[in-house]
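Bear in mind that the values here come from a model prediction, so they are computed numbers and not experimental data.
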Amino acid sequence: LEAAGIRTIGDVASLDDARSFALLGRWGREARALAAGIDDRPVDGTRERKSISTEETFEYDVRDPERVVALLRQQAGELASDLARLGLRTTTIGVKIKAADFTVIGRQTSVLVPTDNAAEIFAAAVHCWQRSGMAGKPIRLLGTRVAALSEGSPPELNLFGIPQTR
């Protein structure tokens, strides 16, 4: 396409029928319509949810660790509520931090037993925050994310905290 002078989606959208057929064959008309934002295919909303996140952008850069920890607690509560409402649990918890210079830092950790517990999500998020090296530095955005989602109740633990298999 580049050899034919087609470099952008806008270039594809502006092709006429003959040129789109010459360049793309039978798919040319459909490609041109898609490039113009026309798509009659039904939306499939049944995709499996892979993660849930929440984040907040600050009006002014934040350095105060107490404010950061308070927001992590709030975000953990929101995520725990979302997980419970959806009947999901998580084993991966992470934070996203955007520094004042717009660099993005992410840290994540895993827990042994799937959880939807706000206190456990909060503890993991604080652990990630501490590992980020951003304490006391100005940040512009803070987010918490849960991933590795699963359905159902957590496995029963044996005396040593190891999940039982039945």
Report the distance from atom [atom1] of [X] to atom [atom2] of [Y], rounding to the nearest 0.5 Å.
X	Y	atom1	atom2	result
Arg32	Arg19	CZ	CZ	13.0 Å
Asp40	Glu30	CG	CD	10.0 Å
Gln108	Thr92	CD	OG1	5.5 Å

*asked:* Within the supplied structure, the quantity of interest is the number of heavy atoms (other residues, nucleotides, ligands) at a distance under 6.0 Å from Arg26 CZ; does it exceed 12?
replied: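 No, CZ of Arg26 has 12 or fewer neighbouring heavy atoms, counting only those of other groups under 6.0 Å.
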(Q) Can a donor-acceptor pair be found, under 3.5 Å and without considering hydrogens, that links the side chain of Thr90 to the backbone of Thr115? (A)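 Checked: no pair found.
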| request: Using distance alone, with no hydrogens and no angle criterion, decide if Thr103 and Asp101 have a side-chain donor and acceptor under 3.5 Å apart. | output: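 There is such a pair between these side chains.
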I need the minimum non-hydrogen distance between [X] and [Y], along with the two atoms involved.
X	Y	answer
Glu55	Gln75	CA-NE2, 3.6 Å
Ala118	Gly77	CB-CA, 4.0 Å
Ser51	Ala147	CB-CB, 4.0 Å
Thr144	Ala125	CG2-CB, 4.1 Å
Thr109	Ala124	CG2-CB, 3.7 Å
Leu141	Gly143	CD2-N, 4.2 Å

Query raised in the report: Which pairs count as salt bridge (charged side-chain N to carboxylate O under 4.0 Å, His left out) when at least one residue sits in residues 130-145, sequence neighbours excluded?
Result: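 Found Asp61-Arg140.
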Residues clustering with Leu86 (ILVMFWY side chains joined when closer than 4.5 Å, directly or via others):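 Leu86 clusters with Ile52, Leu79, Leu83, Leu88, Ile93, Val111, Ile121, Val146, Leu149.
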Tracing side-chain links under 4.5 Å among I, L, V, M, F, W and Y, which residues wind up in one group with Val69?
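Members other than Val69 - counting any ILVMFWY side chain reachable under 4.5 Å - are Phe58, Val62, Val68, Leu71, Leu72, Val95, Ile97, Ile105, Phe122, Val126, Trp129, Met134, Ile139, Leu142.
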Next item on the list: Can you spot which of Thr8, Asp11, Leu24 makes a side-chain contact (heavy atoms from CB on, under 4.5 Å) with Leu1?
Entry: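 Single pass found, and it is Leu24.
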